[in-house]
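Here is how names work: the chains are called A, B, and so on, in the same order as the sequence lines, proteins then strands, and each is numbered from 1.
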Amino acid sequence: MSLPRNPTEKQRNFFQEVHEVVRLVPTGRVTTYGAIAHYLGARHGARMVGWAMMAAHTADAYVPAHRVVNRNGLLTGRQHYTSPTAMQEALEAEGIRVEEDQVVDFKRLFWDPATELE
DNA sequence: CTTCTGACTGAAA
DNA sequence: GTTTCAGCCAGAA
């Protein structure tokens with residue numbers, strides 16, 4: 001799997017939708033790929049959200065991708081960072097404790113856009 | 001056209 | 001608690 005070298009207009013919109021939601025995540029809180037997919041209408045699978053997150057690295061605006069984890073609270077995207085510990089350090093800098101690549105008290109820190117934004 | 005893969009998820013065993 | 005499986009959409013070979 002690889003990124004499109006020349007993103008089309010449609011792809012750009014898709015990335016913007018996902019990135020916009022991620023930017024809404026408050027500091028010190030986290031959300032999941034599935035929650036974002038559900039908020040966007042579940043028209044695409046959670047995999048597509050993860051795919052869009054990969055593009056966050058090359059996005060124009062900053063995207064706090066470290067606040068997006070999988071449903072288990074695991075930092076599955078850490079391998080895509082410049083360093084394998086960058087994601088965890090970014091979370092800890094916001095007061096989120098991470099142990100064994102997993103967000104501590106994930107259930108309490110979880111921020112669901114579909115619920116919080118209503 | 002088919003096939004495979006992926007920063008995923010939910011159900012089933 | 002675990003492992004396994006089948007959907008899921010987009011893109012590349």
Side-chain angles (χ1 to χ4, degrees):
Chain A
M1 195 56 200
S2 60
L3 275 175
R5 303 190 177 200
N6 299 305
T8 65
E9 190 68 23
K10 182 179 181 181
Q11 290 168 340
R12 180 177 289 182
N13 289 337
F14 171 70
F15 293 147
Q16 285 183 346
E17 280 185 305
V18 176
H19 296 170
E20 181 180 353
V21 177
V22 176
R23 290 193 208 99
L24 294 177
V25 180
T27 302
R29 303 291 296 279
V30 294
T31 190
T32 69
Y33 304 95
I36 295 173
H38 178 67
Y39 177 73
L40 294 179
R43 51 197 156 204
H44 47 265
R47 303 187 103 120
M48 297 304 94
V49 176
W51 178 63
M53 294 310 301
M54 175 178 56
H57 185 272
T58 59
D60 295 335
Y62 170 70
V63 178
H66 58 276
R67 297 184 191 142
V68 184
V69 296
N70 74 351
R71 74 175 187 87
N72 295 313
L74 292 174
L75 281 57
T76 53
R78 54 182 248 147
Q79 286 293 328
H80 293 261
Y81 279 75
T82 54
S83 77
T85 57
M87 188 174 184
Q88 177 174 340
E89 290 174 357
L91 288 171
E92 291 178 338
E94 298 182 353
I96 300 176
R97 293 199 304 141
V98 178
E99 294 180 2
E100 299 295 320
D101 295 346
Q102 188 170 7
V103 176
V104 178
D105 205 4
F106 167 69
K107 188 175 183 180
R108 182 179 64 84
L109 296 175
F110 175 61
W111 184 86
D112 183 6
T115 300
E116 302 292 338
L117 298 178
E118 291 182 283

Peer 1: Which residues satisfy the ring-ring contact (aromatic ring centres under 6.0 Å, His included) test with A/Y39, sequence neighbours excluded?
Peer 2: none
Peer 1: How does each nucleotide of nucleotides 7-13 of chain B score, in 5' to 3' order, for protein heavy atoms under 4.0 Å: base (B), sugar-phosphate only (S), or none (-)?
Peer 2: BBSB---
Peer 1: A/L40 has an atom CG; how far is it from atom P of C/dC9, in whole Å?
Peer 2: 14 Å
Peer 1: How far, in whole Å, is C/dC8 from B/dA12 if one measures between their P atoms?
Peer 2: 15 Å
Peer 1: Partners of A/E89 by side chain to side chain donor-acceptor pair (under 3.5 Å), sequence neighbours excluded?
Peer 2: A/T85
Peer 1: Mind checking side chain to side chain contact (heavy atoms under 4.5 Å, CB included) for A/R97 and listing every partner two or more places apart, or none if nothing turns up?
Peer 2: A/E99, A/V104
Peer 1: Run the side chain to side chain donor-acceptor pair (under 3.5 Å) test against A/D112 and tell me which residues pass, sequence neighbours left out.
Peer 2: A/T115
Peer 1: Could you name each residue pair satisfying ring pair (Phe, Tyr, Trp, His ring centres under 6.0 Å) that touches residues 87-118 of chain A, not counting sequence neighbours?
Peer 2: A/F106-A/F110
Peer 1: Enumerate, in order of first residue number, the stems that involve DNA chain B, defined as 3 or more consecutive Watson-Crick or G-U wobble pairs with both distances under 3.5 Å.
Peer 2: B:2-6 with C:9-13, B:8-13 with C:2-7
Peer 1: Identify whether the distance between the nearest side-chain nitrogen and carboxylate oxygen of A/E94 and A/R29 falls below 4.0 Å.
Peer 2: no
Peer 1: Who passes side chain to side chain contact (heavy atoms under 4.5 Å, CB included) against A/L40, sequence neighbours left out?
Peer 2: A/E17, A/V18, A/V21, A/I36, A/R43, A/H44
Peer 1: Would you tabulate the side-chain donor-acceptor contacts of residues 76-84 of chain A under 3.5 Å, counting partners in other chains and residues two or more places apart, or write 'none'?
Peer 2:
from	atom 1	to	atom 2	distance (Å)
A/R78	NH1	A/D101	OD1	2.5
A/Y81	OH	A/H66	N	2.9
A/S83	OG	A/A86	N	3.2

